S.K.: 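This is the structure I want to talk about, given as structure tokens.
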Amino acid sequence: MIAAPAFEEGASGHQGTGKVPRHVAIIMDGNGRWAKQRGLPRAAGHRAGAEAVRRALQAAADNGVEVLTLYAFSSENWRRSEEEISDLTALMRFYLEREFKTLAKEGVRLKLIGDYSAFGGELVERLERAVERTAGNSRVTLVVALNYGSRAEIAGAARKLAGRAAAGEIDAASIDEEAIAGELQTADLPTLDLLIRTSGEVRLSNFLLWQAAYAELLFIETLWPDFDERTFGDALRTYAARERRFGGRG
Ligand code: FPP
């Protein structure tokens, strides 16, 4: 079960020094291994992972991070067993039901990226309702990537621009980086500053490939269900200590 203490103000320890990333993304990895280490079914790992989601969101809000983007379900995750997929979707439905009021009340805006329509009627309706009902919130934006794949996202942007060029609305020669970025599902979000992957895996796994071009990458050993406010604070300190040059030498 998801423990649901109040979504508190100022509960985590990080003292910001000014170099707080505006946009943090996390590849939440290691739920299965966490469960295995305890002799529990994978579903128990995902449930514990959902608790880590609320801690990460709390920590993001407390530290003044504007956007937290979470890779909840990749387009490759459909290869998992039917049972695991249904556990994951049930968990998302449960999380939405249980957390929605708190999220809305605490000023969280929910946004979805990915082709989430693949999840089918009822869950999609719930998700869209939650997006609509939190649209006016501004404390922190929680972006949930569902059935997301970065290459598909970039291909979609290219397709849209090509369609417009073919229709004579734009000149194909004018299609530049900004035009592509403007068609990505993240177009309305601040630039990605920090991308974290948990559980010791060192891959991007088709997540935010375009957006991560100049992001700081952080690969940590912590398994996702163990991720908490302290882990988040450590990540922010590591980020603050890095010198970002964006390709320049300055
Ligand atoms: C990776 O662990 C995790 C996932 C595929 C799912 C992440 C989903 C949640 C935490 C559920 C809740 C999400 C929301 C937004 C409420 P893994 O199963 O790949 O772990 P392993 O590599 O150790 O097997």
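Order of listing sets the numbers, starting from 1, for every ligand and every atom in it. In this text, all values refer to a predicted model and were calculated from it rather than measured experimentally. The figures that follow rest on heavy atoms only: side chains count, while hydrogens, waters and symmetry mates do not.
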S.K.: Using a plain distance cutoff, I'd like to know if D29 has any nitrogen or oxygen under 3.5 Å from a nitrogen or oxygen of ligand 1.
M.R.: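 Among all N and O atoms of D29, at least one is under 3.5 Å from an N or O of ligand 1.
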S.K.: Name the closest protein heavy atom to atom 13 (C) of ligand 1, giving the residue it belongs to and the distance to 0.1 Å.
M.R.: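 Looking only at protein heavy atoms, the one closest to atom 13 (C) of ligand 1 is V53 CG2, 4.1 Å.
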S.K.: Below 4.0 Å from ligand 1: does a non-hydrogen atom of L70 turn up there or not?
M.R.: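 Outside the 4.0 Å threshold, so no.
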S.K.: Could an N or O of ligand 1 be found under 3.5 Å from any N or O of N31, whether backbone or side chain?
M.R.: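 N31 vs ligand 1: N/O contact under 3.5 Å present.
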S.K.: At less than 4.0 angstrom from any non-hydrogen atom of R42, what atoms of ligand 1 do you find?
M.R.: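 In order of number, 17 (P), 18 (O), 24 (O).
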S.K.: Hey, does the Lys NZ or Arg CZ of R38 hover above the aromatic six-ring of W34, less than 6.0 Å from the centre and inside 45° of the axis?
M.R.: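 Yes; both conditions hold, so R38 lies above the ring face of W34.
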S.K.: For residues A72 and N77, report the shortest heavy-atom separation together with the two atoms involved.
M.R.: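 Where A72 meets N77 most closely, the heavy atoms are O-OD1, 4.3 Å.
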S.K.: Is there a chain of hydrophobic side chains (I, L, V, M, F, W, Y, each step under 4.5 Å between heavy atoms) that links F119 to V144?
M.R.: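 Yes: a chain of side-chain contacts under 4.5 Å links F119 to V144.
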S.K.: Is a salt bridge present between R126 and E122, judged by a nitrogen-to-oxygen distance below 4.0 Å?
M.R.: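 Salt bridge flag = yes for E122 with R126.
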S.K.: Check each heavy atom of R93 against ligand 1 and say whether those closer than 4.0 Å belong to the side chain, the backbone, both or neither.
M.R.: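 It is neither part, as no heavy atom is under 4.0 Å.
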S.K.: Hey, is S199 one of the residues with a heavy atom under 4.0 angstrom from ligand 1?
M.R.: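 So S199 does not count as touching ligand 1.
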S.K.: Is a donor from one side chain sitting under 3.5 angstrom from an acceptor on the other, for R197 and S205?
M.R.: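 The criterion, which ignores hydrogens and geometry beyond distance, is satisfied for S205 and R197.
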S.K.: Below 4.0 angstrom from a heavy atom of L91, which ligand 1 atoms are there? Numbered from 1 as shown, please.
M.R.: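 Under 4.0 Å from L91, ligand 1 has these atoms: 11 (C).
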S.K.: Less than 4.0 Å is my threshold; does some heavy atom of R80 fall inside it relative to ligand 1?
M.R.: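 In this structure, R80 qualifies as a contact of ligand 1 - some heavy atom is under 4.0 Å.
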S.K.: Could you tell me which atoms of ligand 1, counted from 1 in the order shown, lie closer than 4.0 angstrom to a heavy atom of G49?
M.R.: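 Answer, ordered by atom number: 10 (C).
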S.K.: I'd like to know whether CD of E169 has more than 12 heavy-atom contacts from other residues, nucleotides or ligands below 6.0 angstrom.
M.R.: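 Atom CD in E169 is packed in, count exceeds 12.
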S.K.: Is there a donor in the side chain of H23 and an acceptor in the side chain of T69, or the other way round, less than 3.5 Å apart?
M.R.: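 Yes, because at least one side-chain N or O of H23 sits under 3.5 Å from a partner of the opposite role on T69.
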S.K.: Quick one: which ligand 1 atoms are inside 4.0 Å of a heavy atom on G32?
M.R.: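 In order of numbering, the contacting atoms are 17 (P), 18 (O), 20 (O), 21 (P), 23 (O), 24 (O).
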S.K.: Just need the protein heavy atom nearest to atom 1 (C) of ligand 1, so name the residue and atom and give the distance.
M.R.: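 Residue, atom and distance for the closest contact: M28 O, 3.0 Å.
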S.K.: For the pair D234 and T231, evaluate side chain to side chain donor-acceptor pair (under 3.5 Å) and give the outcome as yes or no after the intermediate values.
M.R.: CA-CA 5 Å; D234 288 345; T231 329; over 6 Å; no
S.K.: Is the shortest N/O to N/O distance between N77 and ligand 1 below 3.5 Å?
M.R.: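 The answer is no, given that N77 and ligand 1 share no N or O pair closer than 3.5 Å.
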S.K.: Looking only at protein heavy atoms, which one is nearest to atom 6 (C) of ligand 1, and what is the separation?
M.R.: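 Nearest protein contact, heavy atoms only, for atom 6 (C) of ligand 1 is A72 O, 3.5 Å.
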S.K.: Quick check on E83: does its CD atom have over 12 non-hydrogen neighbours (other residues, nucleotides or ligands) under 6.0 Å away?
M.R.: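 No - once you tally the heavy atoms of other residues, nucleotides and ligands closer than 6.0 Å, there are 12 at most.
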